[in-house]
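Just so it is clear, the model here is predicted, and its values are computed rather than measured. Residue numbers begin at 1 in each chain, while the letters A, B, ... track the order of the sequences.
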Amino acid sequence: MSGYGDIERKWQQRWSEKGLNEANRDDRPKFMLIFAYPGVTGYLHVGHMRGFSYVDAIGRYKRMTGYNVMFPVGAHATGNGSISLANKIRKELPEWKKDKSKDDGTIGYLLRNGCPEEKLESLTEPMNVVNFFCDVYVNEYWKRFGFLADWRRFTCTLYPDYAKFIQWQFRKLRQADMLIQKPYFAPACPNCGPVAVDASETDISKGGNAENQEYTLLKFKHGDEYLVAATLRPETLYGQVCFWVNPEVEYVKIKVNGETWIVSPQAAQKLGYQKDGIETVGKIPGREMIGWKCTAPMIHRDLPVFPAKFCDPDVGTGLVTSVPSDAPDDWISLEAVKKDPTLVAEYGIPQDVIDSAVPISIISMEGYGDFPAKDAIDRLGIKEPGDPLLVEAKKQVYKDGYHLGRMKDNCGPYAGMPVDRAKDAMKDALLKAGEADVFHDLTEEVVCRCGQRVYIRRIDDQWFINYANPEVTERTKEHCKTMDIQPAEYYNNVHGVLDWFRERACVRLGNWLGTKFPYDDKWIIEAISDSTLYPIYYIISKYTNDGEITADQLKDSFFDYVFLGKGDAASVSADTGIKTELVEQVRKDVEYWYPLDLNLGGKEHMTVHFPAFLMNHTAILPKEMWPRGIMVNWYITGKKNAATGKGDKISKSKGGAQPIPGAAEKFGVDGLRLYYAHIASPFADVEWVEETVYSYRQKLDRIISFVGELNSIAADVPAGEIDKWIISRMNGHVKVIRDAMDKLDLRQLATTTYFDMVNDIRWYVRRGGKNRETVKAVLRTWINAMMPVTPHTAEELWEQSGFDGMVSEAQFPEYDESKFSADAEYGEDLIRNIMADSAQIIKVTGMQPSRVILYTASAWKRKVMDNALELLREGKLDIPGLTKRCMADEDLRRNGKAVSDLAKKIAADYIRSTPEKMRPVAETDEVSLLSSAAAFMSEEIGSPVEVMDSDAEGLYDPKGKSKAAVPGRPAILIE
RNA sequence: GCGAGGGUAGCCGAGUUGGCCAAAGGCGCGGGACUUAAGAUCCCGUACUUAGUGUUUCGUGGGUUCGAAUCCCAUCCCUCGCACCA
């Protein structure tokens, strides 16, 4: 219905026929830019196109200003996303075949986004999923949006040739001493292997906000066995007064390194993933332990075991040591337990034992008394165990305790120590003494895409890339100072990010698609680590895609030579079978295209991809190949949530967002591109509101019809002042755009092109401008400026206006000083000011004007102005100086005090001005300027406008307005 | 908590080497023009006040300065990142 598609396809085809998108080495300066390729996890949504289209627009602008641009694209498919997607489809398929009307689930999501039904069968294979989406991204998104990307260079992280490159990269990392091995605790699904737990929930279906938390396991001796409690606050050990066991839970006994531990069955299972040789040897109901005495670690006091239903068998070990002084749960439960008669009656605990459990004050901190837990409870008005506010109380006490607290004198060797230090010190001491152990757990339930619960698993020989390497870090930080990094906040912050960047697990086990780790086949290189150095691979991928070089030929000797210049072409040729000339050609390509000039990615990359991207370059490649620019873009968010006021993230994995082809159909690709470019700074989140997008579409439609109008009014009339004006203005806009784009400020380009220029050209037409030559010149510049953001529209208008060739091939005008006309610009400003003032007066007075009289300033006033200008040029303009100078003039002095008053005013007004700005004010012949515009003004104001010279004999001036006239500000009388 | 950034008129959003800032632009709203008509287009207006002026405004409270949205201090609130999601 929209009909945008035909025009879009037409031009896309012509660009492609001309090969405009293809990047080949020549003698122009080059510009290479990419967006961080997206992960293949399903359909993308309109939000993703924001950053992508910035890149195309920037590339187009660079092309138009003389650069040979390389804009390659690719896709990232490493991981288990496509595996789990394929599994889901396989699972849903039989059901769906029975009843195709059902459109929920994964299949429904695919179909809603335009997946053809007949594809479904093949999408049960992970690699088919990958290839299917690569195709969708290229054809339905990027080509659909008119990107001038070099499609010949497309690559995907699962291609065999790409794998060769990654393996080379990892060998280089090892040579650079960037790989290390050590134990690691990672979230993993028992079925699918390691999974990423993060807010985007790419790998998981539940629990994206969970954190991997480290607990200290405390071993409480009871006979030959240990009751094992998990704590986040080992520093509170001195405050323990009792031990909590849930009487309703059946605990298990497990063998751990020859010891017998009692924990909840859930904890036993979790521990199984983190400790070797754990076996369950028995069970014990919780109530059986009530009334026991167990020996606390470190302080070696005997603690009584009391019942507590708040012990969740799924959290920690399901057993809890009680520190009422600093744990609100413990405080309130202890109080409750003491009043509970069943304690004696049912569990037979002697009263004196119960009474002996008295809170011990161990931590002092500002804003709290001896018992922080009690204070928090009182403040929040908590009355009994189970109150949901206890969570808040706990958070408060923990947080304040950690940052503000100090250990009291009763804490043995830790007395006086700040809590944050005591915590580590005590944990270390406990571990050393064998009285404690370490246990990792997720803070909330996490469920894998496959439906399995996710656990923390210990991996002993995990490989890491050592991004903490001080030398490489330092080198990278130094280099960043020379880079063009947008926004400025990130430029300022990136050093900090690099400092904080530590070792990073780089390989995974399990069900995972990706490149095999070159030093040990059982590992697969994980998703972030194989996507850091890849921009350089786009130089190679062209040759592997067209078959000139095969994956087998991509040996290290080849990469070493073409990327690092090591060795020589002849021996590389001998080693790989690639022709010597071709090896040389690739080497030259690399030298020409690299480094990468711009890498653009979403803000989520700031602490993940970009630092890794930088450090891999600086660790492996020579300095002259280190990246030159980074740009970070923020998101398009979903509708704001009324309750929270926050925009929900449009989630690509959850579906529901506007599919891209549908939006392109509805608003036209250029409508969307304009929306992205102009809606806000790239460095701010934007809420997706259809009406807003639509208003940009309308804006573009108006421009299209306005261009038509311009073409039709152009006539062979002589050029006048207004032509000088519009030429001057357009020339100024060219400068604004050029300056803005030097800083990649696409939004400014859009503002200038789609708003400021439009307003000026409208004014030109309104003022009667229609000189054919002028109109053509204006259109040429204007349509050029439209090309980066709305290329299809620009081509259409370019053709319609009768220009040769395609605007995508054209060169953007240079700023031309000689086209600037201060007088013309000043003159129009003056006329507009007069009209605005008149309108103001008419509005305020509510008059129905019969005529408007404009009085220009008397000649003597102009003379004062001239004097002021001269002083300004000499840099000596001030009030006494100007007054003196004027009074020295006989003619002027005749006007008496009026002269000094005016001199005072003018001097004050222009003292900080520049001669360039002031000159037109002093020199403009206002009588002829205003007279020539009188007809126009009359029409606009709706009543006759007459211009009168204040010096004229027998001047009609019933209200004495002419006295108020000043050069640059004629007096107005409205009757 | 640590790190980064931000609070501007009905809304979005420019503006921060202090002055020309009542503060761009867009949207919305009001009025007008055109029109059979219009959700289309164009023009004007949109803090309060006013013959083109003046007054009070840029989270809040202080301060520096001849002069502050722009600098300093304090304070409240908000957003983002904090690790294996590109």
Side-chain angles (χ1 to χ4, degrees), chain A residues 35-41 74-76 78-79 81 157 184 186-187 194-204 208 211-212 399-400 402-403 420 464-465 467 487 489-490 492-493 496-497 499-506 508 526-532 534 601-610 612-613 634 645-646 653 678-681 683-687 689 691-692 695-696 698-699 701-702 705-706 709 747-748 751-752 754-756 759 762 765-766 833-845 847 909-910 912-913 917 940 942 959 961 964 969 971-974:
Chain A
F35 50 77
Y37 50 27
V40 178
T41 48
H76 185 269
T78 306
T157 58
Y184 182 55
V195 293
V197 175
D198 63 79
S200 74
E201 302 193 343
T202 307
D203 295 352
I204 56 180
E211 285 176 54
N212 177 355
K399 199 172 93 178
D400 291 342
Y402 184 73
H403 297 286
D420 57 347
F464 294 82
I465 298 177
Y467 290 115
E489 300 89 74
Y490 189 52
N492 295 332
N493 191 217
V497 172
D499 273 334
W500 155 92
F501 212 50
R502 299 196 297 274
E503 34 319 289
R504 201 175 177 96
C506 62
R508 291 190 176 208
E526 64 81 44
I528 293 169
S529 305
D530 73 353
S531 54
T532 56
Y534 72 92
K603 63 177 172 181
E604 73 277 20
H605 293 311
M606 289 195 287
T607 54
V608 182
H609 169 250
F610 286 134
F613 156 76
W634 267 234
K646 285 187 200 173
S653 54
H678 188 262
I679 181 66
S681 148
F683 321 122
D685 286 336
V686 170
E687 186 188 339
V689 179
E691 294 80 72
T692 311
S695 78
Y696 278 98
Q698 284 185 319
K699 181 82 196 169
D701 287 339
R702 267 176 265 157
S705 67
F706 185 41
E709 190 190 324
R747 187 172 190 242
Q748 182 61 61
T751 300
T752 302
Y754 301 93
F755 296 92
D756 297 344
N759 287 339
R762 280 235 159 83
V765 173
R766 201 168 147 200
N833 287 341
I834 290 169
M835 286 168 57
D837 284 349
S838 305
Q840 171 87 342
I841 296 166
I842 291 167
K843 181 194 155 207
V844 168
T845 57
M847 298 170 75
D909 282 355
Y910 291 90
R912 285 180 195 85
S913 184
K917 274 188 187 161
E940 295 284 330
K959 294 204 170 169
K961 289 280 175 195
R969 191 127 203 248
I972 302 169
L973 174 67
I974 294 180

(request) Could you check how far OH of A/Tyr754 sits from C1' of B/G13, rounded to whole Å? (result) 19 Å

(request) Ignoring backbone atoms, test whether A/His609 places a side-chain nitrogen or oxygen under 4.0 Å from the OP1 or OP2 oxygen of B/A86. (result) no

(request) Tell me, please, which residues at least two apart from A/Lys843 pass side-chain contact (heavy atoms from CB on, under 4.5 Å). (result) none

(message) Quick one about A/Gln748 and A/Thr752 (side-chain donor to acceptor, distance below 3.5 Å, no hydrogens or angles considered), yes or no?
(response) yes

(message) Under 4.0 Å, heavy atoms only, any strand: does A/Ser705 hit a base, just the sugar-phosphate, or nothing?
(response) nothing

(message) By nearest atom, which of the nucleotides B/A51, B/C84, B/G81 is closest to the A/Ile528 side chain?
(response) B/C84

(message) Distance check, C1' atoms only: B/C71 and B/U16, in whole angstrom units.
(response) 9 Å

(request) Using the P atoms only, state how far B/C76 lies from B/A86, rounded to an integer number of Å. (result) 39 Å

(request) Send over the distance from A/Met835 CE to B/G52 C1', rounded to a whole Å. (result) 14 Å

(request) Would you indicate, yes or no, if B/G26 has its OP1 or OP2 atom less than 4.0 angstrom from a side-chain nitrogen or oxygen of A/Arg747? (result) no

(request) Provide the distance between the two P atoms, one in B/C44 and one in B/C27, to the nearest whole Å. (result) 14 Å

(request) Identify whether any heavy atom of A/Phe755 sits under 4.0 Å from a base atom; if not, whether one sits that close to sugar-phosphate; answer base, sugar-phosphate or nothing. (result) sugar-phosphate

(request) Scan every strand shown for a Watson-Crick or G-U wobble partner of B/U64, both distances under 3.5 Å, and answer none if you come up empty. (result) none

(message) I want to check something: taking the side chain as every heavy atom from C-beta on, are A/Thr78 and A/Ser531 in contact at a cut-off of under 4.5 Å?
(response) no

(request) Under a 3.5 Å limit for both distances, which nucleotide forms a Watson-Crick or G-U wobble pair with B/A14, could you say? (result) none

Considering only nitrogen or oxygen atoms on both sides, find all protein atoms under 3.5 Å from nucleotides 42-47 of chain B and state each distance.
residue : atom : partner  : partner atom : Å
B/C42   : OP1  : A/Arg762 : NH1          : 3.0
B/C42   : OP1  : A/Arg762 : NH2          : 2.7
B/C43   : O3'  : A/Arg766 : NH1          : 3.2
B/C43   : O3'  : A/Arg766 : NH2          : 3.4

(message) Taking ring pair (Phe, Tyr, Trp, His ring centres under 6.0 Å) as the definition, give me every residue that meets it alongside A/Tyr490, ordered by chain and number, with sequence neighbours left out.
(response) none

(request) With C1' as the reference atom in both, quote the distance from B/C72 to B/A23 in angstrom, rounded to an integer. (result) 23 Å

(request) Could you check which of B/A51, B/G13, B/C84 has an atom nearest any side-chain atom of A/Arg504? (result) B/C84

(message) If you assign each of A/Asn492 and A/Asp837 to its closest nucleotide in RNA chain B, which residue comes earlier from the 5' end?
(response) A/Asn492

(request) Could you check whether A/Trp500 gets within reach of a base, just the sugar-phosphate, or nothing at all, counting any heavy atom under 4.0 Å? (result) base

(request) Walk me through it: do A/Lys699 and A/Phe755 pass the test side chain to side chain contact (heavy atoms under 4.5 Å, CB included)? (result) CA-CA 9 Å; A/Lys699 181 82 196 169; A/Phe755 296 92; 3.5 Å; yes

(message) Distance check, C1' atoms only: B/U56 and B/A68, in whole angstrom units.
(response) 16 Å

(message) From CZ of A/Arg969 over to C1' of B/G52, roughly how many Å is that when rounded to an integer?
(response) 6 Å

(request) Searching all strands shown, indicate the nucleotide that pairs with B/U79 (Watson-Crick or G-U wobble; both distances under 3.5 Å). (result) B/A4

(message) Assess, by modelled atom type and distance only, whether the side chains of A/His678 and A/Tyr696 contain a donor and an acceptor separated by less than 3.5 Å.
(response) yes

(request) Name the closest nucleotide to the A/Ala505 side chain, picking from B/G13, B/C84, B/G81. (result) B/C84

(request) For B/C21 and B/A69, measure between their P atoms and round to the nearest Å. (result) 12 Å

(request) Could you check whether A/Ser531 gets within reach of a base, just the sugar-phosphate, or nothing at all, counting any heavy atom under 4.0 Å? (result) sugar-phosphate

(request) Look through every strand shown and name the nucleotide pairing with B/U46 as Watson-Crick or G-U wobble, where both distances are under 3.5 Å. (result) B/G28

(request) Could you check which of B/A86, B/C84, B/G3 has an atom nearest any side-chain atom of A/His76? (result) B/A86

(message) Which nucleotide wins on minimum distance to the side chain of A/Gln698, given the candidates B/U53, B/A51, B/A40?
(response) B/A40

(request) Using side-chain contact (heavy atoms from CB on, under 4.5 Å) as the criterion, list what pairs up with A/Asn492, not counting sequence neighbours. (result) none

(request) Can you tell me, in whole Å, how much space there is between the P of B/U53 and that of B/G45? (result) 14 Å

(request) To the nearest Å, give me how far apart CG (A/Asp499) and C1' (B/C82) are. (result) 15 Å

(request) Determine which nucleotide pairs with B/U41, using a 3.5 Å limit on both distances of a Watson-Crick or G-U wobble pair. (result) B/A33

(request) Figure out the CD/P separation between A/Glu691 and B/C12, and round it to whole Å. (result) 16 Å

(message) Considering every strand and a 4.0 Å limit on heavy-atom distances, what is the contact class for A/Arg502: base, sugar-phosphate, or nothing?
(response) base

(message) Distance check needed: B/G5 P versus A/Asp685 CG, whole Å only.
(response) 17 Å

(message) According to side-chain contact (heavy atoms from CB on, under 4.5 Å), who are the partners of A/Val608, at least two apart in sequence or on a separate chain?
(response) A/Arg504, A/Ile528

(request) Have a look at A/Ile834 and say if it touches a base, only the backbone sugar-phosphate, or nothing, with a 4.0 Å heavy-atom cut-off. (result) nothing

(message) Going by side-chain contact (heavy atoms from CB on, under 4.5 Å), name the residues that satisfy it together with A/His609, two or more places apart in sequence or in a different chain.
(response) A/Ala36, A/Tyr534, A/Asn599, A/His605, A/Phe613

(request) Select base, sugar-phosphate, or nothing to describe what A/Phe464 touches, counting heavy atoms under 4.0 Å on all strands. (result) base

(message) Please report the distance separating the P of B/G6 from the corresponding atom of B/U57, rounded so that it comes out in whole Å.
(response) 25 Å

(message) Quick check for you: to the nearest 0.5 Å, what is the distance between A/Met835 atom CE and A/Asp837 atom CG?
(response) 11.0 Å

(request) Measure from NE2 on A/His605 to P on B/A83 and round the result to the nearest Å. (result) 18 Å

(request) Measure from CD on A/Glu709 to P on B/U41 and round the result to the nearest Å. (result) 13 Å

(request) Would you kindly compare A/Tyr696 and A/Thr78 by the position of their nearest RNA chain B nucleotide and give the one closer to the 5′ end? (result) A/Tyr696

